[in-house]
Q: 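Quick one: this structure, given as structure tokens, is what I'll be asking you about.
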Amino acid sequence: MTAALDRIRGGVPAKRHNARTIAALTANPGCARRAVLDAAGVDKPRLAERIGFPGNFGQSRFALARGNGFEAMLKADDCALLLSVLRDVLALETSAVSYDDLGEDDDATLTARHGRTRDLLAAAAGAALIDHPLLTLAVAGRKVFLEPDLIAFHAGSPSHHPATAHNRTEGGLLHVVEIKSFAIVDGQADSAKVSGAAVQAAVYVLALRRLLADLGHDPALVSHDAVLVCPRDFSLQPTAVLVDVRKQLSTLTRQLTRLASVADLVAALPPTLTFDTALPPADLTAALGQVEARYAPECLSACELASYCRHEAAGSTAALGRPVRDALGGVDTVDEALALAAGTRTPTEEQAEAAALLQAAARLRAEAL
Ligand code: SF4
């Protein structure tokens, strides 16, 4: 399987995953093309560029600068401002909160920082804040390093979280803390941004739970409530909210299991298939055609190949979104749907229900006009 994935990738080093790319895996779990490309670690932005459909991904420079400024303000003076909002949202009763900054470093020292994170978590007691922790998660059989903004530990209710004996974190709860630059105005935030942040937080919660299990602790000590810290209203004053990520966790776990079992998908592909970006664009486009895609409008915000897949799916009912695809089961193209609505095409047995729906919609439209 590893050799097949290496060949699919074209022999170059695998593209690294991060919480954002892992979170994006949950956006279109039914797409075989994405599952294969991600499992192989293909550089999708480069591939999209080579075939003439470059994506427009990532935050704007302005949003990045605002986010970095907000985070620096919160973390100044050993996280003094951040602690003040965490105290409220986590109901920290003690004024003594230890603070450990594990620092940022380059690729060569990631393993060492992950080791320091393990040591700190194994020894955590009382209230503590860990800055720049480094976690790991297995994605399609490869270890991926992940860096949540912070991990907060505090003494919680032991009755909720029975801990193992000889466990220094007994009765304590660990929370993933994520700092985001989008505003919470009058207690409300952009729902798409909150749900994106919730999926990313779920990636960290999962990684933290696996680390705790590895250390012999109860994974349930990691709270499913992640803390989101955002600017309040139109100021840079922070506010913190708890976001329940249980639903995102189960989707993510399912999707990661599916990636781990991508072997069946790979085995069904032609044995010479490769996405080596040194190949001519026509060959790469032909290679993409060999792996089934499942385009949906959600791809536009989650996958670097979305422009190409949308172009490829043009004229299909699936390109109009999942509700349309579900309602028009068996009707693959827009032309077919229009002909069935107009009664100029005889529906197959499978299309009968969708045809009745389309004809009723056409009648209503004609009446309304
Ligand atoms: S953009 Fe294409 S490859 Fe990516 S998830 Fe959507 S259909 Fe799959």
Side-chain angles (χ1 to χ4, degrees), residues 4-5 7-10 12 14-58 139-140 144 192 195-196 199-200 202-203 248 251-266 268-270 273-277 279 281-326 328-329 331-334:
L5 293 179
R7 186 201 66 236
I8 287 173
R9 198 172 53 246
V12 291
K15 183 96 172 124
R16 270 172 59 177
H17 276 285
N18 55 38
R20 191 185 66 75
T21 60
I22 297 172
L25 293 177
T26 61
N28 191 354
C31 178
R33 182 178 290 169
R34 174 166 198 145
V36 169
L37 293 175
D38 281 341
V42 171
D43 184 344
K44 295 206 299 293
R46 172 91 185 117
L47 176 61
E49 206 180 291
R50 289 283 296 138
I51 58 174
F53 288 88
N56 186 17
F57 264 73
V139 178
V144 174
S195 76
V199 185
Q200 283 190 33
V203 174
Q248 290 81 355
T251 312
L252 183 66
T253 312
R254 244 195 343 267
Q255 184 63 350
L256 286 175
T257 312
R258 185 168 180 272
L259 263 192
S261 61
V262 83
D264 292 346
L265 285 176
V266 172
L269 295 173
L273 184 79
T274 177
F275 292 97
D276 182 344
T277 50
L279 288 173
D283 290 3
L284 293 171
T285 307
L288 279 172
Q290 313 253 12
V291 195
E292 198 185 334
R294 204 157 184 228
Y295 177 78
E298 292 81 358
C299 294
L300 288 170
S301 59
C303 183
E304 295 87 344
L305 283 176
S307 297
Y308 171 74
C309 294
R310 181 175 57 176
H311 168 80
E312 183 190 52
S316 74
T317 49
L320 301 175
R322 289 205 186 107
V324 177
R325 184 173 53 204
D326 294 347
L328 297 183
V331 182
D332 293 334
T333 67
V334 174

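Just so you know, ligand 1 is whichever comes first in the structure, and atom 1 is the first atom listed for that ligand. Side chains included, hydrogens not; waters and symmetry mates left out as well; all remaining heavy atoms used. Just so you know, these numbers come straight off a predicted model, no measurement behind them.
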Q: Check whether Thr274 reaches the backbone of Arg7 with its side chain - one donor and one acceptor, N or O, closer than 3.5 Å.
A: yes

Q: Between Tyr308 and Phe53, what is the ring plane arrangement, given parallel below 30°, perpendicular above 60°, and tilted in between?
A: perpendicular

Q: Has Arg310 got a side-chain atom pairing as donor or acceptor with Cys299's backbone, closer than 3.5 angstrom?
A: no

Q: Could you give me a count of protein N/O/S atoms that are under 2.8 Å from atom 8 (Fe) of ligand 1?
A: 1

Q: The criterion is side chain to side chain contact (heavy atoms under 4.5 Å, CB included); which residues satisfy it with Asn18, sequence neighbours excluded?
A: Arg20, Thr21

Q: Under the side chain to side chain contact (heavy atoms under 4.5 Å, CB included) rule, collect the residues that match up with Val199, sequence neighbours excluded.
A: Ala23, Thr26, Gln248

Q: Which pairs with one or both residues in residues 281-302 pass salt bridge (charged side-chain N to carboxylate O under 4.0 Å, His left out), sequence neighbours excluded?
A: none

